[in-house]
Amino acid sequence: MEQDKTKKLLETGKSTYLPVYAQKEMILDYGKGARLWDLADKEYIDLGAGIAVSVLGHQNPELVQVATEQLGKLWHTSNIYFTEPAIQLASDLVDATFADRVFFSNSGAEANEAAIKLARKFASSHASSEKHEIITFEGSFHGRTLTTITATAQPKYQEGFGPLPEGFTYCPFNDFEAIEQKISDKTCAILLEPIQGEGGVHVARPGFLAHLQALCQKHEALLIFDEIQSGMGRTGRLLAYEWEENIQPDIVTVAKALGGGLPIGAMLATERVAQTMKVGDHGSTFGGNPVIAAVACAILKQVCSSALMDNVNKQSEKLQAALSDLKEQKQLFKEIRGRGLIVGAELQGAWEGRAADLSEVCLQHGLLILQAGPNVLRFLPPLNITDEELEEGLQRMKSALNHV
Ligand SMILES: Cc1ncc(COP(=O)(O)O)c(C=O)c1O
């Protein structure tokens, strides 16, 4: 009965959706903690958290309560009016980070669009419109709008969508010398992920962010971190750049985990930079929606707690140790890398380039994991994943890999 329903829904989904995704052959129905169930009641351990989003797991009781209360009060106002949850969230983000000002969007790409617009406006008002170039890095991912695919220095996301906006230039990631050659007085900003997520889980080398900061200061360019995947506690600190000392970004973007599964993004900026924007320069109808903002306040509080960050460190050690064991036993992985609960395992040998096949085998064994490109398995579990949930997930991965 449920199988017929699943089959029918899959057919309808495949024939009605724009064919831009390769969805798995099941229909997810409900979730609890780090577990999900499909319509046929098959259980999965979720080590992907909807791509770093379901940061406190599925159906987190506190978040359900906060959302339900706000749903019973007020859903939407637009930004013509203030609401209490959005003001609270903005001031909590300011208290918790380097930022003085916050702009709310609905997604990561929109938060990056806001950052790019702000950097351009800042340069044109403080220097000239000639100073409009933005440097991004090979292997990066910044979103799917026309401007953010242009910022994304990977041709596969850009092909067929030209003409692309002008003024972006690309540099190899973690290359101290190449960036010195690229930057000039025409550069208005450097934009990067402190840990590249989609591009294969590559962590900025020690000193790289400080090097970029010094170059930005020299050329009066802004330093922008895209922390849409790496931020909100994922690495064991609120923002991943905080692992390197004495770094002071001008702008940081967050999204994904900020809403825990409800759509919200935010661009955080210093007063000096933010003051460039005037009434009417930018906006969003839904940005800072009160229901999502109320949930985001509760999430931010948790993410700022040492209890949750201790769990990230503890589960990260376990996950990385288990992957390292598999690396030794099976010669499947070339390298395990990452920080906290953003972990990548690069494939080698017979499995090189077959991350999709391996994640499919894991799915068959009741485990959801992600890819980062064709050659890296990516793990982004909920930050509050329990010992039991992670152990069960790792057990399922071992049995899945015994079948390949
Ligand atoms: C680093 C980074 N930036 C931007 C985005 C785009 O976010 P969204 O899909 O919410 O627009 C993503 C999404 O995966 C991301 O990982």
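When a ligand or atom number is given, it counts from 1 through the structure's own listing order. Every heavy atom of this structure was used, including side-chain atoms; hydrogens, water molecules and symmetry mates were not. Because the structure is predicted, anything quoted here is derived from the model rather than measured.
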| note | Residues pairing under salt bridge (Lys or Arg N to Asp or Glu O under 4.0 Å) where one sits in residues 272-283, two or more places apart or in two chains, turn out to be K121-D281, D250-R272
| said: Less than 3.5 Å apart, any donor N or O on the side chain of Q154 or E198 sitting next to an acceptor on the other? | reply: no
Give the table of side-chain donor-acceptor pairs shorter than 3.5 Å for residues 80-90, with sequence neighbours excluded, one pair per line with atom names and distance.
unit_1	atom_1	unit_2	atom_2	d
Q88	NE2	D92	OD1	2.9

| query | How would you list, by chain and number, every residue that makes a side-chain hydrogen bond (donor to acceptor under 3.5 Å, both in side chains) with N174, sequence neighbours excluded? | reply | none
| task | For the residue pair E360 and Q364, confirm or rule out a side-chain donor-acceptor distance under 3.5 Å. | result | yes
Are there any N/O pairs under 3.5 Å between ligand 1 and the protein, and if so, what are their distances?
unit_1	atom_1	unit_2	atom_2	d
ligand 1	3 (N)	F141	O	3.3
ligand 1	3 (N)	D226	OD1	3.3
ligand 1	3 (N)	D226	OD2	2.7
ligand 1	10 (O)	G108	N	2.8
ligand 1	11 (O)	G108	N	3.4
ligand 1	11 (O)	A109	N	2.8
ligand 1	14 (O)	K256	NZ	3.0
ligand 1	16 (O)	Q229	NE2	2.8

| remark: Output for pair (Y170 OH, S140 OG), nearest 0.5 Å, gives 8.0 Å
